[in-house]
Structure formats: C-alpha cells, structure tokens
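Each ligand, and each atom within it, is numbered from 1 in the order the structure gives.
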Amino acid sequence: MPITPTEKIWMNGELVDWEKAQVHVLTHALHYGSGVFEGIRAYETAEGPAIFRLTEHIERLFNSAKILGMEIPYTVDELIAATKETVAATGLSSCYIRPIAYLGYGEMGLNTLPCTVDVSIACWPWGAYLGDDAVTKGVRLKTSLWTRHDHNTMPPAAKTTGNYVNSSLAKVEALKAGYDEAVMLAPNGLVAECSGENIFVSRHGKLISPPLSAGALEGITQSTVMTIAADLGFEAVLDNIARTDLYIADEAFVCGTAAEVSSVNSVDDRSIACPGPMTLAIAEKYHQAVRGEIAEYKHWCELAV
Ligand code: PPE
C-alpha cells in the first residue's frame with residue numbers, strides 16, 4: 001500500500017523533515033535484516049488522537065530487541081513519549097505508526113556486537129489493510145506452501161524485519177493465486193498465523209487462536225480480542241489448531257493492528273459462514289474500543305497530546 005508522506009519523522013532523538021529521514025546504503029539492517037519494529041494505530045477519540053495500547057507495543061519492541069540481543073539506547077518511557085511527539089507533530093487525528101530499531105551504519109559483517117542501534121518513528125495515514133469491506137465480505141485465505149519460522153531458526157516471537165521475508169513470500173504466493181491472505185503452518189504442520197495477522201476460529205461455540213508457542217506473534221489485537229470476547233460472554237482460548245479446524249470452522253477471522261478484525265469467508269476454497277455473529281460482535285466492539293467509546297477499555301487509548 002502506498003505511503004502518504006507527513007511532516008516529520010523522529011530519528012535518534014529529533015524530529016526531522018520527512019524527506020530527510022534517510023539512511024546509508026551500507027546500513028547493517030539493510031544487508032542482514034537486523035531490525036525490530038512495531039505497527040501501531042492512533043485513532044480519533046472525543047479527547048483527541050489516542051494511540052491504542054501504545055505501552056504494550058513499545059514493551060514488545062523492547063522484547064523483540066532483547067531476543068536479538070540488541071540494546072535500544074532509550075527507555076520504554078522515552079520511546080512512548082517520542083511516539084506521542086511524532087503523532088502530535090504530524091497533526092493527524094488517526095494514523096498508522098511504525099517505530100523501528102535497527103543496526104546502523106559503520107560495521108559490516110555478522111558480528112553485531114560492535115554495531116550501533118538507531119531508532120526511528122514514522123507515522124502516516126493508512127486505510128483498511130485487507131480492504132474496506134473485510135469485516136462484512138470477508139477475506140479468502142490460502143494455506144501457504146511456505147512454512148512459518150521455527151522457534152530455533154528465526155524466533156517468531158520477535159517482530160524482526162528479517163522475519164518478514166517469510167511473510168512476504170506467503171503473501172505474494174496467496175495474492176498471485178487469487179486469494180487475499182496466506183495462512184502459515186508451523187514446522188509441525190499446525191496453524192501458526194497469517195502473514196500479518198493472528199487467526200481465530202470458532203468451533204462448537206468456542207473461539208481458538210494459536211499462541212506464541214505455535215509460532216504466532218503474541219498479537220496485541222489478539223489479546224484485545226480475548227478480553228472483548230470474554231466480556232461478550234464468549235469462551236476464547238489460546239490453543240493449537242490444525243488446518244482442518246479452519247476448513248470446518250463455524251466462523252473465522254484474522255486480527256492485527258493494521259487489519260483490525262477481518263472476517264474470513266473461505267480457506268483453501270472451503271467456504272465459512274461469513275460474517276459470523278461472534279466475529280461481527282467482536283469487530284463492532286473493537287471498532288468502538290479503539291476510538292475510546294467504551295469506558296472499561298479507555299485505559300487502552302493513550303492520548304497523543
Ligand atoms: N502476526 C504477524 C506476523 C504480524 O505481522 C502481526 C502484525 C500480527 C500477528 C498481529 O499483531 P498485533 O498488531 O500486535 O495485533 N502485523 C502488522 C502489519 C505487518 C505489515 O507491516 O504489513 C500490523 O498489523 O501492524
């Protein structure tokens with residue numbers, strides 16, 4: 001999806017003009033995928049732009065860095081403040097936010113120990129990730145021929161830039177075959193997640209989503225959905241699912257910061273009732289929660305100014 005430029009990007013402690021936010025071609029992360037990043041959304045609320053679950057996203061960024069053995073030269077609080085400052089500087093009431101910490105210019109080679117860590121935060125307006133009608137019409141999924149990373153190759157728990165080569169292989173394979181998104185299986189053959197979202201199925205009235213141990217990212221939207229589902233009186237658990245759980249699901253949806261809650265209408269051409277009643281109820285409550293319209297979830301909306 002094309003990027004719409006905004007005013008400023010935060011780079012290593014200062015706001016610079018959008019077009020000046022550049023890196024050297026010999027930046028380590030460009031060669032070796034040595035970066036960690038986040039995808040966050042800010043929404044317009046009655047009190048002004050609010051960044052949804054900002055603290056948890058920044059904490060996950062630090063956990064990704066920890067897995068890589070990368071020392072981010074800022075504190076969690078400093079990057080929370082920097083994210084708010086960036087959103088405020090663009091003047092946008094809602095946007096997508098992309099913080100990234102990466103090994104910078106100056107060292108080449110696989111020994112990352114002497115490398116410097118650079119940090120930047122950009123934001124821009126970003127529409128519906130899987131299409132405007134993804135909740136009502138639903139998306140068509142294809143099981144990828146590419147396997148999700150194993151925990152002992154490229155840890156899927158870390159949101160590492162290099163990990164996303166695997167996601168892109170699956171996404172493009174699905175698009176070229178006429179589908180909207182790819183479901184990825186872990187090396188043990190069980191479902192992990194989609195190329196850029198966690199997945200939920202409903203079977204016998206119970207919602208199930210594969211956890212981190214199944215090769216999924218520990219999604220913040222997944223966690224939000226678990227809370228909303230419980231509050232709606234639905235049983236929801238993190239557990240393993242097989243590919244055939246998807247084929248015979250009562251309903252299914254994918255969720256992520258970018259995709260929000262999007263219904264699934266088929267997996268490998270086996271149709272699934274769409275949009276299902278649980279999916280619709282959860283998607284509606286999520287839509288309200290991120291906009292600060294539900295009192296009990298308001299603590300998730302961290303005001304940018
Ligand atoms: N799994 C993967 C592989 C993933 O990339 C995401 C986010 C999720 C699960 C859901 O995580 P969370 O956003 O915390 O609920 N994918 C990001 C988009 C990837 C992209 O750059 O494109 C996102 O939603 O921001």
Check each N or O atom of ligand 1 against all protein N or O atoms and list the pairs under 3.5 Å, with atom names and distances to 0.1 Å, one per line.
from     : atom 1 : to   : atom 2 : distance (Å)
ligand 1 : 1 (N)  : E193 : OE1    : 2.5
ligand 1 : 5 (O)  : K159 : NZ     : 3.3
ligand 1 : 5 (O)  : Y164 : OH     : 2.5
ligand 1 : 13 (O) : T257 : N      : 2.9
ligand 1 : 13 (O) : T257 : OG1    : 2.6
ligand 1 : 14 (O) : R60  : NH1    : 2.8
ligand 1 : 14 (O) : R60  : NH2    : 3.0
ligand 1 : 14 (O) : I220 : N      : 2.8
ligand 1 : 15 (O) : I220 : N      : 3.3
ligand 1 : 15 (O) : T221 : N      : 2.8
ligand 1 : 15 (O) : T221 : OG1    : 2.5
ligand 1 : 16 (N) : G196 : O      : 3.1
ligand 1 : 21 (O) : R98  : NH2    : 3.0
ligand 1 : 22 (O) : Y129 : OH     : 2.4
ligand 1 : 24 (O) : T257 : N      : 3.3
ligand 1 : 24 (O) : A258 : N      : 2.8
ligand 1 : 25 (O) : Y96  : OH     : 2.5

Tell me, please, which residues at least two apart from R270 pass salt bridge (Lys or Arg N to Asp or Glu O under 4.0 Å).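 With neighbours one apart ignored, the set is empty.
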
In terms of heavy-atom contacts, does CH2 of W300 have more than 12 from other residues, nucleotides or ligands at under 6.0 Å? yes

What do you reckon, is CG of D132 surrounded by more than 12 foreign heavy atoms closer than 6.0 Å? no

With Y247 via ring-ring contact (aromatic ring centres under 6.0 Å, His included) - residues at least two apart: none

Rounding to 0.5 Å, atoms CG (L79) and CD1 (I72) come to a distance of 6.5 Å

Under the side-chain contact (heavy atoms from CB on, under 4.5 Å) test, which residues partner T147, sequence neighbours left out? P187

